[in-house]
Amino acid sequence: MLIFEKSKAGRGCDTLPKCDVEIRLPGEKDKRQSELHMPALSEGDLSRHYTELAKKSHGVNDGFYPLGSCTMKYNPKINEDMAALPGFAEIHPLQPAHTVQGCLEVLKLAEKYLCEITGMNHMTFQPAAGAHGEFTGLLLIKAYHQSRGDEKRTKIIVPDSAHGTNPASAAMAGFDVVSVPSGPDGCVDIEKLREAVGEDTAGLMLTNPNTVGLFDKNILEITDIIHGCGGLCYYDGANLNAVMGVVRPGDMGFDVIHLNLHKTFSTPHGGGGPGSGPVGCKDFLAPFMPGLTVVGEEELAFAKAEQSIGEMKNFYGNFSVVVKALTYILTLGKEGIPEASKNAVLNANYMMNKLKDLYEMAYDEVCMHEFVMDLSELKKKAGVSAMDIAKGLLDNGIHPPTMYFPLIVHEALMVEPTETESKETLDEAIAVFRQLYETALVDAEKLLQAPVTTPVTRLDEVKAARKPVVRYDFQ
(Lines give C-alpha, C1' and ligand atoms only; values in the text may rest on other atoms or scores of the structure.)
Protein backbone atom coordinates (compact mmCIF):
# COMPACT_ATOMS: atom_id res chain seq x y z
CA MET A 1 0.00 0.00 0.00
CA LEU A 2 1.30 3.46 -0.93
CA ILE A 3 1.78 6.07 1.77
CA PHE A 4 -0.97 8.23 0.22
CA GLU A 5 -3.44 5.38 0.66
CA LYS A 6 -2.65 5.25 4.38
CA SER A 7 -3.30 8.95 4.82
CA LYS A 8 -6.06 10.01 7.27
CA ALA A 9 -7.26 13.60 7.33
CA GLY A 10 -6.35 15.42 10.50
CA ARG A 11 -3.42 13.22 11.47
CA GLY A 12 0.14 14.48 11.71
CA CYS A 13 3.42 14.21 13.53
CA ASP A 14 4.66 17.78 13.73
CA THR A 15 5.33 19.34 17.13
CA LEU A 16 6.18 22.87 16.00
CA PRO A 17 5.18 25.65 18.42
CA LYS A 18 2.70 28.32 17.41
CA CYS A 19 4.34 30.89 15.12
CA ASP A 20 5.32 33.99 17.10
CA VAL A 21 6.09 36.29 14.16
CA GLU A 22 3.91 37.88 11.51
CA ILE A 23 3.00 35.42 8.76
CA ARG A 24 3.57 36.76 5.26
CA LEU A 25 2.02 34.75 2.44
CA PRO A 26 3.19 34.87 -1.20
CA GLY A 27 1.35 36.99 -3.71
CA GLU A 28 -1.27 35.49 -6.01
CA LYS A 29 1.17 34.97 -8.88
CA ASP A 30 3.49 32.91 -6.64
CA LYS A 31 0.82 30.73 -5.04
CA ARG A 32 0.28 27.10 -6.04
CA GLN A 33 -2.48 26.60 -8.58
CA SER A 34 -3.38 23.17 -7.22
CA GLU A 35 -3.51 21.55 -3.83
CA LEU A 36 -0.27 20.26 -2.34
CA HIS A 37 -0.74 16.52 -1.86
CA MET A 38 0.95 15.55 1.39
CA PRO A 39 0.00 12.36 3.27
CA ALA A 40 -1.34 12.84 6.80
CA LEU A 41 0.02 10.19 9.17
CA SER A 42 1.06 9.86 12.77
CA GLU A 43 4.75 9.37 13.54
CA GLY A 44 4.07 5.73 14.41
CA ASP A 45 2.31 5.10 11.12
CA LEU A 46 5.13 6.81 9.25
CA SER A 47 7.81 4.75 10.99
CA ARG A 48 5.99 1.49 10.35
CA HIS A 49 5.44 2.33 6.68
CA TYR A 50 9.12 2.82 5.94
CA THR A 51 10.17 -0.13 8.09
CA GLU A 52 7.75 -2.28 6.09
CA LEU A 53 9.29 -1.02 2.85
CA ALA A 54 12.78 -1.78 4.15
CA LYS A 55 11.77 -5.36 4.89
CA LYS A 56 10.60 -5.78 1.30
CA SER A 57 13.91 -4.70 -0.24
CA HIS A 58 16.78 -7.10 -0.89
CA GLY A 59 20.46 -6.29 -0.55
CA VAL A 60 23.78 -7.87 0.39
CA ASN A 61 22.76 -7.62 4.04
CA ASP A 62 19.69 -9.78 3.35
CA GLY A 63 21.10 -12.59 1.26
CA PHE A 64 23.07 -13.82 -1.73
CA TYR A 65 23.44 -11.16 -4.43
CA PRO A 66 25.47 -12.65 -7.32
CA LEU A 67 24.96 -9.79 -9.78
CA GLY A 68 27.60 -10.42 -12.43
CA SER A 69 29.93 -7.59 -13.48
CA CYS A 70 28.64 -5.45 -10.60
CA THR A 71 30.57 -6.81 -7.59
CA MET A 72 27.74 -6.66 -5.05
CA LYS A 73 29.84 -7.63 -2.06
CA TYR A 74 29.59 -7.05 1.67
CA ASN A 75 31.01 -3.70 2.77
CA PRO A 76 32.78 -3.50 6.14
CA LYS A 77 31.01 -1.03 8.44
CA ILE A 78 34.30 0.55 9.51
CA ASN A 79 34.28 2.28 6.11
CA GLU A 80 31.03 4.05 6.99
CA ASP A 81 32.37 4.99 10.43
CA MET A 82 35.44 6.63 8.92
CA ALA A 83 33.45 8.58 6.34
CA ALA A 84 31.16 9.84 9.12
CA LEU A 85 34.00 11.38 11.18
CA PRO A 86 33.27 15.10 11.67
CA GLY A 87 36.59 16.08 10.11
CA PHE A 88 35.49 14.42 6.89
CA ALA A 89 31.71 14.81 6.96
CA GLU A 90 31.44 18.44 8.07
CA ILE A 91 33.90 20.14 5.73
CA HIS A 92 33.07 22.55 2.91
CA PRO A 93 34.70 22.30 -0.52
CA LEU A 94 35.51 26.02 -0.53
CA GLN A 95 37.53 25.90 2.69
CA PRO A 96 41.15 27.05 2.37
CA ALA A 97 43.55 24.15 1.80
CA HIS A 98 45.40 24.74 5.07
CA THR A 99 42.18 24.01 7.04
CA VAL A 100 41.57 20.60 5.41
CA GLN A 101 45.03 19.08 5.34
CA GLY A 102 43.69 15.73 6.56
CA CYS A 103 41.23 15.57 3.68
CA LEU A 104 43.94 16.42 1.19
CA GLU A 105 46.05 13.65 2.69
CA VAL A 106 43.18 11.22 2.08
CA LEU A 107 43.13 12.18 -1.61
CA LYS A 108 46.91 11.96 -1.88
CA LEU A 109 47.13 8.58 -0.12
CA ALA A 110 44.24 7.16 -2.16
CA GLU A 111 45.96 8.32 -5.34
CA LYS A 112 49.26 6.74 -4.25
CA TYR A 113 47.76 3.35 -3.40
CA LEU A 114 45.42 3.17 -6.39
CA CYS A 115 48.28 4.07 -8.73
CA GLU A 116 50.34 1.30 -7.14
CA ILE A 117 47.50 -1.20 -7.61
CA THR A 118 46.82 -0.20 -11.22
CA GLY A 119 50.31 0.64 -12.48
CA MET A 120 49.39 4.25 -13.27
CA ASN A 121 51.23 7.45 -12.38
CA HIS A 122 48.39 9.88 -11.66
CA MET A 123 44.76 9.72 -10.53
CA THR A 124 41.84 12.16 -10.54
CA PHE A 125 38.81 11.62 -8.29
CA GLN A 126 36.49 14.02 -10.10
CA PRO A 127 34.40 11.50 -12.10
CA ALA A 128 31.25 10.51 -10.22
CA ALA A 129 30.87 6.94 -11.53
CA GLY A 130 32.21 4.35 -13.97
CA ALA A 131 30.66 5.66 -17.18
CA HIS A 132 31.65 9.19 -16.15
CA GLY A 133 35.20 7.88 -15.77
CA GLU A 134 35.06 6.31 -19.22
CA PHE A 135 34.02 9.64 -20.73
CA THR A 136 36.84 11.38 -18.85
CA GLY A 137 39.45 8.87 -20.03
CA LEU A 138 38.32 9.21 -23.62
CA LEU A 139 38.57 13.00 -23.40
CA LEU A 140 42.16 12.54 -22.20
CA ILE A 141 42.90 10.39 -25.25
CA LYS A 142 41.26 12.96 -27.50
CA ALA A 143 43.20 15.85 -25.93
CA TYR A 144 46.47 13.94 -26.33
CA HIS A 145 45.99 13.37 -30.06
CA GLN A 146 44.81 16.94 -30.63
CA SER A 147 47.81 18.36 -28.76
CA ARG A 148 50.02 16.63 -31.31
CA GLY A 149 47.98 17.88 -34.25
CA ASP A 150 46.89 14.31 -35.00
CA GLU A 151 43.31 15.16 -35.98
CA LYS A 152 42.81 12.08 -38.16
CA ARG A 153 42.42 9.75 -35.17
CA THR A 154 38.64 9.57 -34.94
CA LYS A 155 37.93 5.91 -34.18
CA ILE A 156 37.72 3.96 -30.92
CA ILE A 157 37.81 0.17 -31.13
CA VAL A 158 35.45 -1.67 -28.79
CA PRO A 159 35.06 -5.49 -28.53
CA ASP A 160 31.56 -6.85 -29.10
CA SER A 161 31.52 -8.21 -25.55
CA ALA A 162 32.12 -4.78 -23.99
CA HIS A 163 29.94 -3.10 -21.40
CA GLY A 164 27.28 -1.04 -23.14
CA THR A 165 28.65 2.16 -21.67
CA ASN A 166 31.89 1.77 -23.66
CA PRO A 167 30.52 2.57 -27.13
CA ALA A 168 28.15 5.14 -25.62
CA SER A 169 31.01 6.97 -23.89
CA ALA A 170 33.12 6.88 -27.05
CA ALA A 171 30.28 8.35 -29.09
CA MET A 172 29.70 11.07 -26.48
CA ALA A 173 33.38 11.99 -26.71
CA GLY A 174 32.96 12.51 -30.46
CA PHE A 175 34.57 9.29 -31.69
CA ASP A 176 33.32 6.80 -34.25
CA VAL A 177 32.95 3.34 -32.73
CA VAL A 178 34.42 0.28 -34.43
CA SER A 179 33.21 -3.07 -33.06
CA VAL A 180 35.61 -6.01 -33.10
CA PRO A 181 34.20 -9.53 -32.72
CA SER A 182 35.19 -12.08 -30.14
CA GLY A 183 36.78 -15.34 -31.15
CA PRO A 184 35.44 -18.81 -30.27
CA ASP A 185 37.40 -18.60 -27.01
CA GLY A 186 35.42 -15.55 -25.85
CA CYS A 187 38.40 -13.21 -26.18
CA VAL A 188 39.27 -10.55 -28.76
CA ASP A 189 39.74 -11.95 -32.28
CA ILE A 190 43.34 -10.89 -32.87
CA GLU A 191 43.19 -11.05 -36.66
CA LYS A 192 40.01 -8.99 -36.80
CA LEU A 193 41.67 -6.48 -34.50
CA ARG A 194 44.65 -6.19 -36.85
CA GLU A 195 42.28 -5.54 -39.74
CA ALA A 196 40.44 -2.83 -37.79
CA VAL A 197 43.39 -0.66 -36.74
CA GLY A 198 45.00 2.06 -38.80
CA GLU A 199 46.10 5.67 -38.88
CA ASP A 200 42.61 6.76 -37.85
CA THR A 201 42.66 4.65 -34.64
CA ALA A 202 42.53 6.85 -31.55
CA GLY A 203 42.42 3.98 -29.10
CA LEU A 204 40.95 0.77 -27.77
CA MET A 205 38.56 0.26 -24.85
CA LEU A 206 38.93 -3.10 -23.17
CA THR A 207 37.81 -4.86 -19.99
CA ASN A 208 40.17 -7.54 -18.72
CA PRO A 209 38.97 -9.91 -17.38
CA ASN A 210 36.26 -9.45 -19.97
CA THR A 211 32.51 -9.66 -19.59
CA VAL A 212 32.39 -13.44 -19.96
CA GLY A 213 34.75 -13.73 -17.00
CA LEU A 214 37.91 -14.64 -18.93
CA PHE A 215 41.37 -13.10 -18.75
CA ASP A 216 42.49 -12.42 -22.31
CA LYS A 217 45.69 -14.41 -22.82
CA ASN A 218 46.67 -12.17 -25.72
CA ILE A 219 46.49 -8.94 -23.75
CA LEU A 220 50.12 -7.89 -24.34
CA GLU A 221 49.76 -8.53 -28.07
CA ILE A 222 46.50 -6.55 -28.11
CA THR A 223 48.00 -3.46 -26.51
CA ASP A 224 51.08 -3.76 -28.76
CA ILE A 225 48.85 -3.75 -31.86
CA ILE A 226 47.12 -0.54 -30.70
CA HIS A 227 50.35 1.19 -29.74
CA GLY A 228 51.92 0.06 -33.01
CA CYS A 229 49.39 2.05 -35.01
CA GLY A 230 49.70 5.11 -32.76
CA GLY A 231 46.59 4.57 -30.65
CA LEU A 232 46.18 4.51 -26.87
CA CYS A 233 44.78 1.77 -24.67
CA TYR A 234 41.92 2.38 -22.24
CA TYR A 235 41.21 -0.09 -19.41
CA ASP A 236 37.63 -0.41 -18.21
CA GLY A 237 38.17 -1.19 -14.52
CA ALA A 238 34.72 -2.67 -13.92
CA ASN A 239 36.17 -6.15 -13.41
CA LEU A 240 39.29 -5.21 -11.46
CA ASN A 241 37.92 -7.11 -8.46
CA ALA A 242 39.28 -10.27 -10.06
CA VAL A 243 42.88 -9.11 -10.41
CA MET A 244 43.56 -6.23 -8.00
CA GLY A 245 46.91 -6.77 -6.33
CA VAL A 246 47.71 -9.66 -8.68
CA VAL A 247 48.31 -8.00 -12.07
CA ARG A 248 48.36 -4.31 -12.98
CA PRO A 249 46.67 -2.81 -16.06
CA GLY A 250 49.60 -0.44 -16.46
CA ASP A 251 51.90 -3.44 -16.88
CA MET A 252 49.56 -4.90 -19.49
CA GLY A 253 50.16 -1.84 -21.68
CA PHE A 254 47.19 0.35 -20.75
CA ASP A 255 47.64 4.12 -20.76
CA VAL A 256 44.49 5.23 -18.98
CA ILE A 257 42.02 3.51 -16.67
CA HIS A 258 38.86 4.14 -14.71
CA LEU A 259 38.02 2.40 -11.45
CA ASN A 260 34.69 1.83 -9.74
CA LEU A 261 35.45 2.63 -6.11
CA HIS A 262 31.80 1.94 -5.33
CA LYS A 263 32.23 -1.64 -6.53
CA THR A 264 35.77 -2.91 -6.33
CA PHE A 265 36.81 -0.97 -3.26
CA SER A 266 33.71 -1.45 -1.18
CA THR A 267 31.54 1.64 -0.79
CA PRO A 268 28.75 0.18 -1.33
CA HIS A 269 27.47 -0.22 -4.87
CA GLY A 270 23.94 0.65 -5.85
CA GLY A 271 21.13 2.52 -4.16
CA GLY A 272 21.37 5.40 -6.57
CA GLY A 273 24.79 6.58 -5.47
CA PRO A 274 26.96 8.27 -4.73
CA GLY A 275 29.54 6.54 -6.87
CA SER A 276 33.12 7.29 -7.73
CA GLY A 277 34.89 6.56 -11.00
CA PRO A 278 38.44 7.90 -10.60
CA VAL A 279 40.62 7.95 -13.69
CA GLY A 280 44.29 7.05 -13.66
CA CYS A 281 46.82 7.67 -16.40
CA LYS A 282 50.47 7.43 -17.35
CA ASP A 283 52.77 10.45 -17.11
CA PHE A 284 52.32 11.58 -20.71
CA LEU A 285 48.57 12.12 -20.18
CA ALA A 286 48.94 14.02 -16.89
CA PRO A 287 48.97 17.49 -18.53
CA PHE A 288 45.36 16.94 -19.63
CA MET A 289 43.87 15.74 -16.32
CA PRO A 290 40.63 17.41 -15.15
CA GLY A 291 40.01 19.43 -12.02
CA LEU A 292 42.47 19.93 -9.19
CA THR A 293 44.97 17.40 -7.88
CA VAL A 294 46.83 17.35 -4.56
CA VAL A 295 50.48 18.37 -4.63
CA GLY A 296 53.17 19.02 -2.04
CA GLU A 297 54.74 17.12 0.83
CA GLU A 298 54.47 18.77 4.27
CA GLU A 299 51.99 21.48 3.22
CA LEU A 300 49.49 19.99 0.79
CA ALA A 301 47.77 22.15 -1.81
CA PHE A 302 45.74 21.90 -5.01
CA ALA A 303 47.12 22.36 -8.51
CA LYS A 304 45.59 22.33 -12.00
CA ALA A 305 47.06 20.53 -15.00
CA GLU A 306 48.63 22.71 -17.71
CA GLN A 307 46.33 21.63 -20.56
CA SER A 308 43.42 20.38 -18.45
CA ILE A 309 40.33 19.12 -20.25
CA GLY A 310 38.33 21.12 -17.70
CA GLU A 311 35.93 20.22 -14.92
CA MET A 312 34.16 16.87 -15.02
CA LYS A 313 32.26 17.55 -11.79
CA ASN A 314 32.08 20.20 -9.11
CA PHE A 315 35.10 20.35 -6.83
CA TYR A 316 36.91 17.08 -6.03
CA GLY A 317 34.43 14.29 -6.76
CA ASN A 318 32.45 12.33 -4.17
CA PHE A 319 34.91 12.65 -1.31
CA SER A 320 33.17 10.35 1.18
CA VAL A 321 33.42 7.47 -1.29
CA VAL A 322 37.19 8.02 -1.48
CA VAL A 323 37.38 7.90 2.33
CA LYS A 324 35.59 4.55 2.35
CA ALA A 325 37.79 3.14 -0.41
CA LEU A 326 40.97 4.24 1.33
CA THR A 327 39.75 2.67 4.58
CA TYR A 328 39.12 -0.58 2.70
CA ILE A 329 42.61 -0.53 1.18
CA LEU A 330 44.33 0.26 4.50
CA THR A 331 42.30 -2.41 6.30
CA LEU A 332 43.16 -5.18 3.83
CA GLY A 333 46.72 -4.04 3.17
CA LYS A 334 49.23 -5.38 0.69
CA GLU A 335 48.40 -9.00 1.54
CA GLY A 336 44.63 -8.64 1.81
CA ILE A 337 43.99 -6.93 -1.53
CA PRO A 338 45.29 -9.84 -3.68
CA GLU A 339 43.72 -12.34 -1.29
CA ALA A 340 40.32 -10.77 -1.93
CA SER A 341 40.83 -11.15 -5.69
CA LYS A 342 41.96 -14.75 -5.38
CA ASN A 343 38.96 -15.63 -3.22
CA ALA A 344 36.61 -13.99 -5.76
CA VAL A 345 38.13 -16.19 -8.47
CA LEU A 346 38.01 -19.27 -6.24
CA ASN A 347 34.33 -18.76 -5.39
CA ALA A 348 33.35 -18.27 -9.04
CA ASN A 349 35.18 -21.40 -10.18
CA TYR A 350 33.72 -23.42 -7.29
CA MET A 351 30.17 -22.49 -8.27
CA MET A 352 30.81 -23.00 -11.97
CA ASN A 353 32.22 -26.49 -11.47
CA LYS A 354 29.34 -27.48 -9.19
CA LEU A 355 26.79 -26.46 -11.84
CA LYS A 356 28.29 -27.30 -15.20
CA ASP A 357 27.01 -30.90 -15.24
CA LEU A 358 23.49 -29.41 -15.52
CA TYR A 359 23.90 -25.90 -16.87
CA GLU A 360 25.82 -25.33 -20.09
CA MET A 361 28.68 -22.91 -19.60
CA ALA A 362 29.19 -20.38 -22.37
CA TYR A 363 32.95 -20.94 -22.03
CA ASP A 364 33.84 -24.11 -20.16
CA GLU A 365 37.27 -23.18 -18.86
CA VAL A 366 38.81 -21.67 -15.77
CA CYS A 367 37.05 -18.35 -15.20
CA MET A 368 37.98 -15.31 -13.20
CA HIS A 369 35.48 -13.54 -10.90
CA GLU A 370 32.34 -14.50 -12.82
CA PHE A 371 31.03 -17.11 -15.22
CA VAL A 372 28.32 -17.09 -17.87
CA MET A 373 25.77 -19.85 -18.30
CA ASP A 374 23.99 -20.37 -21.63
CA LEU A 375 20.41 -21.55 -21.14
CA SER A 376 19.58 -21.82 -24.84
CA GLU A 377 19.29 -25.63 -24.73
CA LEU A 378 17.14 -25.57 -21.59
CA LYS A 379 14.79 -23.12 -23.30
CA LYS A 380 14.52 -25.43 -26.33
CA LYS A 381 14.04 -28.50 -24.16
CA ALA A 382 11.65 -27.17 -21.49
CA GLY A 383 10.54 -23.73 -22.64
CA VAL A 384 12.20 -22.17 -19.60
CA SER A 385 14.33 -19.11 -20.28
CA ALA A 386 17.15 -17.42 -18.42
CA MET A 387 14.61 -14.92 -17.14
CA ASP A 388 12.38 -17.70 -15.80
CA ILE A 389 15.28 -19.17 -13.82
CA ALA A 390 16.04 -15.68 -12.52
CA LYS A 391 12.43 -15.26 -11.39
CA GLY A 392 12.64 -18.63 -9.65
CA LEU A 393 15.69 -17.44 -7.72
CA LEU A 394 13.58 -14.61 -6.27
CA ASP A 395 11.24 -17.15 -4.69
CA ASN A 396 14.28 -18.65 -2.97
CA GLY A 397 15.59 -15.42 -1.46
CA ILE A 398 18.39 -14.98 -4.01
CA HIS A 399 18.83 -11.84 -6.08
CA PRO A 400 19.08 -12.84 -9.77
CA PRO A 401 22.40 -12.55 -11.58
CA THR A 402 22.74 -10.40 -14.68
CA MET A 403 20.42 -11.64 -17.44
CA TYR A 404 20.99 -11.57 -21.20
CA PHE A 405 24.45 -10.07 -20.95
CA PRO A 406 26.92 -10.19 -22.56
CA LEU A 407 24.97 -9.98 -25.80
CA ILE A 408 27.19 -12.56 -27.50
CA VAL A 409 25.50 -15.23 -25.31
CA HIS A 410 21.78 -15.35 -26.14
CA GLU A 411 20.21 -16.90 -23.01
CA ALA A 412 22.87 -15.68 -20.62
CA LEU A 413 22.98 -15.73 -16.85
CA MET A 414 26.17 -14.10 -15.54
CA VAL A 415 27.00 -15.11 -11.98
CA GLU A 416 29.49 -13.31 -9.73
CA PRO A 417 29.58 -14.67 -6.17
CA THR A 418 32.35 -12.25 -4.98
CA GLU A 419 34.96 -12.98 -2.33
CA THR A 420 32.81 -12.16 0.69
CA GLU A 421 30.49 -15.18 0.43
CA SER A 422 31.13 -18.27 2.53
CA LYS A 423 31.23 -21.83 1.22
CA GLU A 424 27.97 -22.49 3.07
CA THR A 425 26.22 -19.66 1.21
CA LEU A 426 27.62 -20.86 -2.11
CA ASP A 427 26.47 -24.43 -1.42
CA GLU A 428 22.96 -23.19 -0.62
CA ALA A 429 22.87 -21.17 -3.85
CA ILE A 430 24.19 -24.11 -5.88
CA ALA A 431 21.43 -26.31 -4.45
CA VAL A 432 18.81 -23.74 -5.47
CA PHE A 433 20.19 -23.47 -9.01
CA ARG A 434 20.15 -27.27 -9.33
CA GLN A 435 16.64 -27.54 -7.94
CA LEU A 436 15.38 -24.90 -10.39
CA TYR A 437 16.90 -26.80 -13.30
CA GLU A 438 15.10 -29.98 -12.25
CA THR A 439 11.86 -28.04 -11.80
CA ALA A 440 12.22 -26.70 -15.34
CA LEU A 441 12.25 -30.27 -16.66
CA VAL A 442 9.34 -31.65 -14.62
CA ASP A 443 7.13 -28.62 -13.91
CA ALA A 444 8.04 -25.79 -16.27
CA GLU A 445 4.77 -23.97 -15.62
CA LYS A 446 5.83 -23.37 -12.02
CA LEU A 447 8.82 -21.35 -13.19
CA LEU A 448 6.79 -19.58 -15.85
CA GLN A 449 4.60 -18.22 -13.03
CA ALA A 450 7.47 -17.27 -10.72
CA PRO A 451 7.94 -15.33 -8.54
CA VAL A 452 4.91 -16.00 -6.36
CA THR A 453 6.29 -15.22 -2.88
CA THR A 454 7.60 -11.70 -3.50
CA PRO A 455 5.69 -8.45 -2.71
CA VAL A 456 5.24 -7.95 -6.47
CA THR A 457 4.72 -11.10 -8.53
CA ARG A 458 5.39 -11.68 -12.24
CA LEU A 459 4.97 -8.45 -14.18
CA ASP A 460 3.92 -7.85 -17.75
CA GLU A 461 7.40 -6.59 -18.62
CA VAL A 462 6.49 -5.30 -22.07
CA LYS A 463 3.65 -3.22 -20.65
CA ALA A 464 5.79 -2.10 -17.72
CA ALA A 465 8.46 -0.87 -20.14
CA ARG A 466 6.11 0.79 -22.63
CA LYS A 467 3.46 2.13 -20.28
CA PRO A 468 5.08 2.60 -16.90
CA VAL A 469 2.99 4.11 -14.10
CA VAL A 470 5.37 6.46 -12.35
CA ARG A 471 2.91 8.86 -10.72
CA TYR A 472 0.16 8.42 -8.15
CA ASP A 473 -3.21 9.48 -9.55
CA PHE A 474 -4.92 11.77 -7.01
CA GLN A 475 -8.65 11.56 -7.61
Side-chain angles (χ1 to χ4, degrees), residues 59-60 64-76 79 110 113-120 123 129-131 133-134 161-163 165 206-216 219 235-252 254 257-270 275-280 321-322 324-352 366-372 399 401-402 405-406 414-422 425-426:
V60 291
F64 193 42
Y65 210 125
L67 198 62
S69 275
C70 285
T71 314
M72 302 293 282
K73 62 188 181 183
Y74 176 78
N75 304 281
N79 302 351
Y113 292 137
L114 290 173
C115 282
E116 184 176 339
I117 290 170
T118 60
M120 296 290 143
M123 191 79 57
E134 290 176 16
S161 64
H163 294 113
T165 51
L206 190 69
T207 310
N208 194 35
N210 62 20
T211 53
V212 296
L214 301 176
F215 190 93
D216 201 311
I219 189 61
Y235 185 92
D236 180 331
N239 294 345
L240 192 73
N241 200 58
V243 296
M244 60 177 181
V246 180
V247 296
R248 308 193 309 171
D251 299 335
M252 299 179 207
F254 288 94
I257 174 178
H258 93 262
L259 302 173
N260 296 80
L261 294 192
H262 55 282
K263 289 165 54 170
T264 309
F265 295 95
S266 174
T267 293
H269 183 288
S276 181
V279 169
V321 181
V322 182
K324 297 173 192 179
L326 179 60
T327 304
Y328 179 76
I329 292 170
L330 292 173
T331 301
L332 290 185
K334 192 172 184 178
E335 295 76 24
I337 292 289
E339 182 182 355
S341 291
K342 292 173 183 176
N343 284 340
V345 172
L346 177 64
N347 281 355
N349 279 279
Y350 177 73
M351 277 198 75
M352 182 182 72
V366 175
C367 66
M368 297 299 289
H369 61 305
E370 62 192 8
F371 60 95
V372 179
H399 192 286
T402 298
F405 183 81
M414 179 197 290
V415 180
E416 181 184 7
T418 78
E419 73 277 10
T420 57
E421 298 296 346
S422 66
T425 298
L426 299 183

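In this text, all values refer to a predicted model and were calculated from it rather than measured experimentally.
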_Any side-chain to backbone donor/acceptor pair from Asp251 onto Gly119? Under 3.5 Å, distance only._
no
*Kindly compute the distance separating CG (Leu214) from CG (Asp216), expressed to the nearest 0.5 Å.*
8.5 Å
*Under a 4.5 Å cut-off applied to non-hydrogen side-chain atoms, are Asp236 and Leu206 in contact?*
no
*asked:* Under a plain distance cut-off of 3.5 Å, with no hydrogens placed, do Glu416 and Thr71 share a side-chain donor-acceptor pair?
replied: yes
_Whether Tyr328 and Phe265 hold their rings parallel, tilted or perpendicular, with breakpoints at 30° and 60°_ = perpendicular
*Sub-3.5 Å donor-acceptor pair from the side chain of Thr402 to the main-chain atoms of Gly68, do we have one?*
yes
*asked:* On a heavy-atom basis, which atom in Ala162 and which in Thr211 lie closest, and how many Å separate them?
replied: C-CG2, 4.3 Å
*Shortest non-hydrogen contact from Ala242 to Val345?*
O-CG2, 3.7 Å
*Between Thr267 and Leu261, is there a donor-acceptor pair closer than 3.5 Å when you use the side chain of the first and the backbone of the second?*
yes
*Between OH on residue Tyr113 and CE on residue Met123, distance to nearest 0.5 Å*: 14.0 Å
*Result of checking Thr420, Asn241, Thr264, Thr418 against Lys73 for side chain to side chain donor-acceptor pair (under 3.5 Å)*: Asn241
*Say whether, by atom type as modelled, one donor and one acceptor occur between the side chain of His262 and the main chain of Ser276 under 3.5 angstrom.*
yes
_For Leu114 versus Ile329, what's the shortest heavy-atom pair and its separation?_
CD2-CD1, 3.8 Å
*Side-chain contact, heavy-atom cut-off 4.5 Å: Ser341 with Glu419?*
no
*May I ask you to check whether Asn79 and Ser266 show a side-chain donor-acceptor distance below 3.5 Å?*
yes
_Heavy-atom pair with the smallest gap, counting every atom of Glu134 and Thr165_ = OE2-OG1, 2.7 Å
*Roughly how far apart are Phe64 CZ and His399 NE2, rounded to 0.5 Å?*
12.0 Å
_Can you confirm whether Leu240 sits close enough to Val243 that some side-chain heavy atom of one is under 4.5 Å from a side-chain heavy atom of the other?_
yes
*Find the distance between CG (Asn239) and CG (Asn260) and round it off to the nearest 0.5 Å.*
9.0 Å
*Name the orientation class of the two ring planes belonging to Tyr235 and Phe254 (parallel below 30°, tilted from 30 to 60°, perpendicular beyond 60°).*
perpendicular
*Do the non-hydrogen side-chain atoms of Arg248 and Ile117 ever get within less than 4.5 Å of each other?*
no
*Start with the C-alpha distance between Val279 and Ile257, add both sets of side-chain angles, then the distance that settles side-chain contact (heavy atoms from CB on, under 4.5 Å), and finish with yes or no.*
CA-CA 6 Å; Val279 169; Ile257 174 178; over 6 Å; no
*So do Ser69 and His163 actually touch side chain to side chain, heavy atoms under 4.5 Å?*
yes
*Quick one: pull up CE in Met244 and CD1 in Ile337 and give me the separation to the nearest 0.5 Å.*
4.5 Å
_Straight-line distance of Phe215 CZ to Cys367 SG, nearest 0.5 Å_ = 14.0 Å
_Pro209 versus Thr207, closest heavy-atom pair with distance_ = O-CG2, 3.1 Å
*Does a side-chain heavy-atom distance below 4.5 Å link Pro401 with Leu67?*
no
*Side chains of Thr331 and Pro76: closer than 4.5 Å at any heavy-atom pair?*
no
_Glu370 side-chain N/O to Met414 backbone N/O, donor-acceptor pair under 3.5 Å_ = no
